Structure formats: C-alpha cells, structure tokens
Amino acid sequence: MKKLLIAGLGLAALMSLQPLMAQQTSPKEKINLMHGSHRAGKRMDAAMEKWRGYGLGQFIHWGLYAIPGGEWNGKPYNGAAEWIRSWNGIPNSTYDSLIYKFNPTAFDATSWAKSAKQMGAKYVTFTTKHHDGFCMWPSKYSKYTVANSPYKKDIVKAVVDAYDKEGIDVILYFSVMDWSHPDWRYDLKTKEDSIAFERFKKFTRNQLIELLTNYPKAKGLWFDGTWDKSWVKQAAFADELETEMRKLRPGLIIGSRFRADENGKRHFDSNGVLMGDYEQGWERKIPNTIEDVHGNDWDCVMTVPENQWGYNKAWNGHIKTTNELLEMTAKCVSLGGNFVLNFGPQGDGAIRNEELTLAKQIGDWMKVNQAAIYNCGYAAYDKQDWGYFTKKNDSDQIYMLVFNVPVSGALRVKTPGKTTISKAYLLANAQETFLPEEISSNEYFLHLKKKDHQQPFVIVLETANKQDNNGTKYEKAKI
Ligand code: JFZ
C-alpha cells in the first residue's frame, strides 16, 4: 500500500513536471510587440562606442532642494534630501516658494567642470528638472524655472558650455514625474485624470524638444520618475516621442528608464530585450558577474553617502572613501560598465569640500592608472580575490587592478585558452617588472616585491598565444 502510494506520488510528480519540461525544450515564443525594443544587441555607432569607453562619469543633483539641504526648521528629514518636498513636514507651497531664495552666488560652472576633469570624469549627467518640477533652464512651458528666481540665468546652458569646454560630454537628467505640475497624475482613474494627463504629455514633449533644441551639445537624456502607472500606460506615446527625439538628434543616447512596452514592462520588454541604449537599472548597486548584465551596455550611478543625491547638510552615515570608490569604478569597468559618481552641490552653488577632496584623490589615482579604465571592458579572465581584470577595447592589453594584496604577495592569474603571459609590469612604472611563475598550464603567480601598498595599483599584462600544445610544460591529467 505504502509502495503504491509512493509510486502514485512519483507518477503525479512526473506528470506535473511534464509541461515544464516541454516548455524548456521548445524555444520560447516571441511575442509580437508594437512598442517593445527596437534593437537586439549593442548599438555600434561612434556615439555609443564613445559612451562605452567613458569608464568614469559624474552625476550632479542640484535644484531648490539644495537650499534646505535635508532639514526644515532645524528638523532633519529622514529621506533623500532631493525628496524633501514630498515630506509632510513642509507644505508644498512653502517648498515651492524656495524659488524666491534661489540665488546661488558661489555657482561657477567652470570650477565644477574643472573639478570633474581633475577627477577624470568623461561625462556628466546633470539634473535639468528633478521630481519637484523646478527647471534649471528658462523653459517656455513653465513658470517654475530659474528665469523667475533671483538668479535668473540659465544654469543648464552654463553647465553644458563649461563641461563641453573641458571635453566632458553632457547628459541631461529629466524627471518625467513632476510634483508641481497641476496635470501630473500617479494613476489615471477618472476621465478627468486622463484629460489632465493628455495635457501633461504635451507639456513633457514640449520640454524635451526644448531641451534638445536649446542644448544641441548634450549627448543624451537620463530619464527618471517613469515608474508610475500613469506614465507606464503611455507605451505608444513614449515610443513615438523617443523616435521623434532620436530623429531630431541622431546619435542621442537614451537609457532603459524612459518607456514601458504595451504590457507595462519597463527596462526589458515582454520578450526580455533591453529597451533603450543601455541598462539604467544599476542604481547604487553593481553587478557581480558578467552574466548579470546579459550582454548589454550599462552604467552604475552611485552616491557618496548611502542614499543622498541632493545636498544634505547632515552628511550622515557611512561616507564612501576614495579607495572604495576606485574599487567600484574598477569593478564596473571590469564588467563592461561605466561608474558614475554623484555630487550634490550646496544651495549657494559651491561643491562641498568633502566631495572636492574625493574628486581630487580619485583624479590623482586616475592620472597614473587611467589606461586601465578608459576604453576598457570585460577581459574574460577568471576573477581573482586580489581585484579586477580589465581589457583595452580593440586590443589584447590586459590590466590587473589590485585592491587586496595577499599575505603571500603572490597574485594568481589564470589565462584563458592558449594565452600566455609574455610580460608583466607596473602601470605606474614600466621598469618594475614581474616574472610570472607558471604554476600549472594557464596558471601563474606574479610575485610582488612590496606588500605594503597604501593604494590600489595596476599591473599591465602583455600576452601572447601559445605556439602549439607540444611546447607547454604541462600535460592535461588523464582522468
Ligand atoms: C531616483 C530618484 O528618485 C532619486 O532622487 C535620484 O534622482 C536617483 C538617481 O533616481 O531614485 C531611484 C530610481 C530608481 C531606483 C531607485 C531609486 N531603482 O531603479 O532602484
């Protein structure tokens, strides 16, 4: 009886497995989508090739929220400083009247750009309009802009021009969600909501076309605030608008956080294909393996404190150090992405000293080691505990970015396929060479002479192809 029961259960389990097995063996049906991804695989044009090679970027969150700087009437706001308008501790109208206080006398776009250049940033993403709706450019379509603040001048123009002059590409951040616009809705529940949102869609289109027209030097748009149901339901509109923007500005770079497909799928469409030019979901997190990025381009945006983008006076919690940020940069590049570090300038327009110091220290390291970051990507070498491998795009040059020196002083390297190490030397000083000790086929130790390193360092590997297998010292074990 017991046996029978078990046998019966087994059969039931087997039967229940069957549909699953069938699903696994037959190729997944591709859903026909009107507003899904328009491209499979990476964009290979010059603009995107350049983006791919940036390695390191800067993000800037600056707007009215920088004036309260994370506190109101002496009370700290517990969320991210740029979200303070959403706090019930402040009436919206009181927050919005910060426009009359916006007069950043210490703002100097050139000094920002010089600091970014010193850091080694190749691109900057700048908040033209965050969720509060305040426009950092004199938009024709809103009264809530710099033009109506005591400062009056166009901040987006100043930023675009200053960074462009330093050779740093500019991407415009734009929040679709707009808390101050009367027609913004989180969801469309009534006919009135839909009518209001139609107006909001026109307004959004107008502002985006205005930005692209006013600032033709900008290389791309970084969208945010696109997660609410109201916007997710606009697959056709957003698709059409994206096409229009791309037509207006060939080469324009738009990430995966702009639009949803007709089933409401964001970032990846219903077939799992990336929407937009790169994956924009790596927000304060970094992938661990190359599988995590599914063959797509991507960048990671990171705050210095835990989760503060706009200026926060309190600057609480763990503040990331230069070495941590360099390690994140190395990790991102080693997995084919860019690392983008956020800065939150003060209400008066100056960048806080802590951030200026980080920029300088990162830059000091970059000056010596930038070859391992710019135009580099995934090396396809086994990850080792001492750090990260990167590979120069379009060349065989391999870099070892060392963050953890083992007590043995021996850095393990496994080379792929028929690759051998022909030369290894310090990027900072080519005279300092390392004789690779071959410990097994395709496996080496590089012995460090010095073990007390205060800073991460880079070793350049020059590689060669093994002539043939007969020449190698090691034979595969016969098992
Ligand atoms: C958004 C904003 O709300 C925030 O203020 C900041 O501008 C940041 C860069 O972007 O916050 C997000 C957006 C996406 C995720 C998390 C926070 N996400 O995908 O996990």
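A quick note: this is a predicted structure, and the numbers were derived from the prediction, not measured. In each ligand, atom 1 is the first atom listed, and ligand 1 is the first ligand listed.
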Can you list every pair where an N/O of ligand 1 is under 3.5 Å from an N/O on the protein?
{"residue": "ligand 1", "atom": "3 (O)", "partner": "W83", "partner atom": "NE1", "Å": "3.0"}
{"residue": "ligand 1", "atom": "3 (O)", "partner": "H131", "partner atom": "NE2", "Å": "2.7"}
{"residue": "ligand 1", "atom": "5 (O)", "partner": "E82", "partner atom": "OE2", "Å": "2.6"}
{"residue": "ligand 1", "atom": "5 (O)", "partner": "W83", "partner atom": "NE1", "Å": "3.0"}
{"residue": "ligand 1", "atom": "5 (O)", "partner": "H130", "partner atom": "NE2", "Å": "3.1"}
{"residue": "ligand 1", "atom": "7 (O)", "partner": "H61", "partner atom": "NE2", "Å": "2.7"}
{"residue": "ligand 1", "atom": "7 (O)", "partner": "H130", "partner atom": "NE2", "Å": "2.8"}
{"residue": "ligand 1", "atom": "7 (O)", "partner": "D224", "partner atom": "OD2", "Å": "3.3"}
{"residue": "ligand 1", "atom": "10 (O)", "partner": "D224", "partner atom": "OD2", "Å": "2.9"}

(message) Check this for me: does any side-chain nitrogen of one of R259 and E242 sit under 4.0 Å from a carboxylate oxygen of the other?
(response) yes
(message) Before you tell me yes or no, could you show the steps for S175 and H131 under side-chain hydrogen bond (donor to acceptor under 3.5 Å, both in side chains), namely the whole-Å CA-CA distance, both residues' side-chain angles and the distance that decides it to 0.1 Å?
(response) CA-CA 6 Å; S175 170; H131 307 334; 2.8 Å; yes
(request) Let me know which of K117, K114, Q58, K217 forms a side chain to side chain donor-acceptor pair (under 3.5 Å) with Y163. (result) Q58
(request) Identify the residue among Q234, R266, R257, Q280 that makes a side chain to side chain donor-acceptor pair (under 3.5 Å) with T226. (result) R266
(request) Check K42, R52, M48 against Y278 for a side-chain contact (heavy atoms from CB on, under 4.5 Å) and give me the one that passes. (result) M48
(message) Which residues pass the salt bridge (Lys or Arg N to Asp or Glu O under 4.0 Å) test with K265, not counting sequence neighbours?
(response) none
